[in-house]
Protein chains: 2
Amino acid sequence: MDEPGPYLLRPIGVVRSTLRAVSDAPNQAAQGAPPALIEIDPAFADALRRIEPGDELIVLTWLHLADREVRETHPMGDTSIPLTGVFRTRSPDRPNPIGIHRVTVKALDGPTSLRVDALEAIDGTPVVDLKVAMRQP
Amino acid sequence: MDEPGPYLLRPIGVVRSTLRAVSDAPNQAAQGAPPALIEIDPAFADALRRIEPGDELIVLTWLHLADREVRETHPMGDTSIPLTGVFRTRSPDRPNPIGIHRVTVKALDGPTSLRVDALEAIDGTPVVDLKVAMRQP
């Protein structure tokens, strides 16, 4: 296929969390992710204007420890589920390992640090985008 | 800040749509996006295994016409809304212009082409990831 690209993804910040290892990270925030700090590079401070406590945001991360060569997996490690293409799963292992996380901003710890309620990403995970959350998706 | 990266994002496919220009694209799918075809590179065919009509997917795109230097904007072009950091908007103009779209698979047009119900991205937009949709987010 005649695709364009590749494109250069530049991290805008990083996750600070008590989660230190992938084995500690729950599959989804609802399964007990701890609060976290999102530290944004001060070079992007203007892009945070009007973010305030109570905001619901979509955080996109780069799951830097993922295996980009994986194409099929048993979802949630459950071998009773048939082998499934990674594009029909939420596995971090995929060609472009972008994580999607919905968070609520609890506080601003300085001008470029956002304290959020629950985030299922380990300490040091690069952040690549923030968006205001909406019903779709 | 001492961030890692940058990372190389390799498109996995492309959007085929009757939307030809950004000026035709609605802000969100609910505002009348047309059906579209998602053509996946056959090299990633295995990663589509078990995707079938009726599946709800999150499609991540690379909004290749976006301005990556924009940091603040009036949401939806409405100048009565105060200037807002792009990280608190859904503007395509942002440092890493990744689009998030929720779609329903209507049909498979061959092994690596997914016909979907509504997608607010113009023809030729690169696709960088697919995930199964869940309530969160």
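Computation of the quantities below employed the complete heavy-atom set of this structure, encompassing side-chain atoms and omitting hydrogens, waters and symmetry-equivalent molecules. Protein chains get the first letters and strands the later ones, always in sequence-line order, with residue 1 at the start of each.
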Side chain from CB out, backbone as N, CA, C, O: work out which of these in [X] comes under 4.5 Å of a heavy atom of chain B, or both, or neither.
{"X": "A:Thr84", "result": "both"}
{"X": "A:Pro97", "result": "neither"}
{"X": "A:Leu48", "result": "both"}
{"X": "A:Leu60", "result": "side chain"}

In Å, rounded to the nearest 0.5 Å, how long is the span from OG of B:Ser17 to CG of B:Leu119?
7.0 Å

Working to the nearest 0.5 Å, report the span between CD1 of B:Ile51 and CG of B:Leu108.
8.0 Å

Is there a donor-acceptor pair under 3.5 Å between the side chain of B:Thr125 and the backbone N or O of B:Ile122?
yes

Any salt bridge linking A:Arg115 with A:Asp109? Criterion: basic side-chain nitrogen under 4.0 Å from a carboxylate oxygen.
yes

A:Lys106/A:Asp117 ion pair, N-O < 4.0 Å:
no

Heavy-atom pairs under 4.5 Å with chain A, option from [options] with the top count:
{"options": "B:Pro95, B:Gly124, B:Pro75", "result": "B:Pro95"}
{"options": "B:Leu83, B:Thr112, B:Leu57", "result": "B:Leu83"}
{"options": "B:Arg50, B:Glu72, B:His64", "result": "B:Arg50"}
{"options": "B:Leu8, B:Val86, B:Val127", "result": "B:Leu8"}

Which one, A:Gly85, A:Ser91, A:Pro126, leads in non-hydrogen pairs under 4.5 Å with chain B?
A:Gly85

Can you tell which part of B:Asp46 gets under 4.5 Å to a heavy atom of chain A, answering side chain, backbone, both or neither?
both

Checking side-chain polar atoms at under 3.5 Å, does B:Asn96 have a donor or acceptor matched by the opposite partner on B:Arg68?
yes

Tightest non-hydrogen contact, residues B:Val103 and B:Ala118, listed as CG1-O, 3.5 Å

